[in-house]
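To keep things clear, I will list the structure first and then write my remarks on it.
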2 protein chains.
Amino acid sequence: MDNEEMEPHPSRVARVFAVLEAFTPARPTLALSELARRASLPLTTTHRLVAELHRAGALERQADGRYRVGLRLWEIASLAPRGVPLREAALPFLEDLYEVTHENAQLGVREGHEVLYIERITGRHAVGVLTRVGGRFPLHASGIGLVLLAHAPEHVQREVLEGRLRRFTDYTVTDPRRLERILAQVRRDGVAISDRQVTDDAMSVAAPVTDGRGTVIAAMSVVATAGPNVAVRLAPVVRAAARGTSRALSAQRK
Amino acid sequence: MDNEEMEPHPSRVARVFAVLEAFTPARPTLALSELARRASLPLTTTHRLVAELHRAGALERQADGRYRVGLRLWEIASLAPRGVPLREAALPFLEDLYEVTHENAQLGVREGHEVLYIERITGRHAVGVLTRVGGRFPLHASGIGLVLLAHAPEHVQREVLEGRLRRFTDYTVTDPRRLERILAQVRRDGVAISDRQVTDDAMSVAAPVTDGRGTVIAAMSVVATAGPNVAVRLAPVVRAAARGTSRALSAQRK
DNA sequence: ATGGTCCCTTCCGCTCAGCGGAAGGACGAT
DNA sequence: ATCGTCCTTCCGCTGAGCGGAAGGGACCAT
């Protein structure tokens, strides 16, 4: 009786997310048929699903008929644990960093084997911004990534070290043994420096953000495009800000 | 045949959102049974639904078994039209405002009959912050609200003017005719001033943010807790920032 | 005109995913 | 020991969701 293949379990909820995940930073607006293609769902099904999502406010429809993620969803999602609450606690310190350095200041958390950028403060004349809020980046190259990796659970570190370490510039560390030594140093110093490991013209200094119990839950960084002495100049500032943030956060959770 | 009442249409998608909307800024973490109660769904159904949402990453489960909105959802939602894109464009200008005034600077859009706050920059010593990012507030009292209302479609203005104008302080404008005159003035001046209309000790100056075609899509404000002359001092700054933002935004949409 | 290709939308009968009552287990308070 | 509260699993019934088919633009070519 079982003709063809047997599809596993295309549950309703999974399909809803297949649709929502079709949207990416690169293609934030999609037509119905594109949506169906990307979610690999029959057009008819997508049509019905999308109509329901639209009614619920999770999707918005623009004048030309294309769809975008709706503000309603954004509103709900801003309740995510490390979303707004962490952001709000850390923002004043990012501002301090920005005000002192007038360089890009960022805040990120670890999601699996990547950094997820939660917040960024940019000058009006932002230069070569690679990252964006809501964007992701590998753990082994950026300053924030190194801090988060250095303090990640042991198995995560192992997986990353054993995995492919993608090269971005001549300075990117792709040797697992060297990366391991760097991570140890980051734990010792409390600060990570990424010197042209992401792009040829940028350097960043990052420091951990901890919760009340000392667990590292995020990292902040300042990215500069000037010479190497910038790192030295910024380190104490970053460290101070990170310490301050830790205190602020531990104060928050009554 | 049709016994009892006939339930309307408890579609799957609608239920998913009933669950997600059970989370509010006031109660960002919920136990399963609370979730079921708030979504008014049978416990069993909620259990299954929540399990699926958890698998999809839309909900996270903390150590104590309670649920929170997941980062995965936040990531998707940051693609919302007036979410990150507008934020990113406006943030440098909010920073300028903050740097000049060291008062709270905010960015909001209109959602129905309310302001939805998209972004806020706060000093470390934030005083009496009523609003939060992702939070809502009526249109008729705050500076941002007045700007957005003044430039809202005619029918929205009518509905708000005919509706109940909630009083927050002795200065809150609750007379529709007076509010109408104020809105006209806001359109003429290009700036709205809310003088103790929200709380007794705060005043804000707000200006519209327009897209490339001149349509008002958001508003920025500075809130101060000092005397009335602050308004006069800040108005040109706000106006300049708003003009700058408009330009930045129109440049963005190629 | 005519045919082609691309979208989007509506219709409709089949079927299996989801439903929710019932029952059971884990914890804590009285 | 007895209750209350919370979470989880089981299982047979059924209507919500499914998706193929068909229809309706809009926009090209030829």
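So you know, we letter chains A, B, ... as the sequences are listed, proteins then strands, and number each from 1.
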### Query
Who pairs with A:R136 by side chain to side chain contact (heavy atoms under 4.5 Å, CB included), at least two apart in sequence or on another chain?
A:E111, A:E114, A:L116, B:R72, B:E75
### Task
Ignoring backbone atoms, test whether A:R15 places a side-chain nitrogen or oxygen under 4.0 Å from the OP1 or OP2 oxygen of D:dG19.
yes
#### Entry: B:Q62 CD - D:dC7 P separation (whole Å)
12 Å
### Message
Which residues pass the side chain to side chain contact (heavy atoms under 4.5 Å, CB included) test with A:A36, not counting sequence neighbours?
### Response
A:L43, A:T46
### Task
For A:L179 and A:L161, run side-chain contact (heavy atoms from CB on, under 4.5 Å): C-alpha distance rounded to whole Å, both residues' side-chain angles, the deciding distance at 0.1 Å, then the answer.
CA-CA 8 Å; A:L179 182 54; A:L161 284 167; 3.8 Å; yes
### Query
Under the criterion side chain to side chain contact (heavy atoms under 4.5 Å, CB included), which of A:L30, A:T45, A:L49 is the partner of A:V19?
A:L49
### Side-chain N or O of B:R12 closer than 4.0 Å to phosphate OP1/OP2 of C:dG18
yes
### Query
Using the C1' atoms of the five pairs at each end, what is the angle between the end axes of the helix from C:dG3-D:dC28 to C:dT30-D:dA1, to 10°?
30°
### Task
Only counting residues at least two apart or in another chain, list the ones meeting side chain to side chain contact (heavy atoms under 4.5 Å, CB included) with A:R164.
A:R166
### Query
Is A:T45 near enough to D:dG19 that one of its side-chain N or O atoms lies under 4.0 angstrom from OP1 or OP2?
yes
### nucleotides 5-15 of chain C: protein proximity per nucleotide (B base, S sugar-phosphate only, - neither; heavy atom, under 4.0 Å)
--SBBBB----
### Task
Mind checking side chain to side chain contact (heavy atoms under 4.5 Å, CB included) for B:H47 and listing every partner two or more places apart, or none if nothing turns up?
B:L32
### Task
Go through the side-chain N and O atoms of B:T29 and B:R66 and say whether any donor and acceptor fall under 3.5 Å apart.
yes
### Message
Could you check whether B:E60 and B:H54, counting side-chain N and O atoms only, form a donor-acceptor pair closer than 3.5 Å?
### Response
no
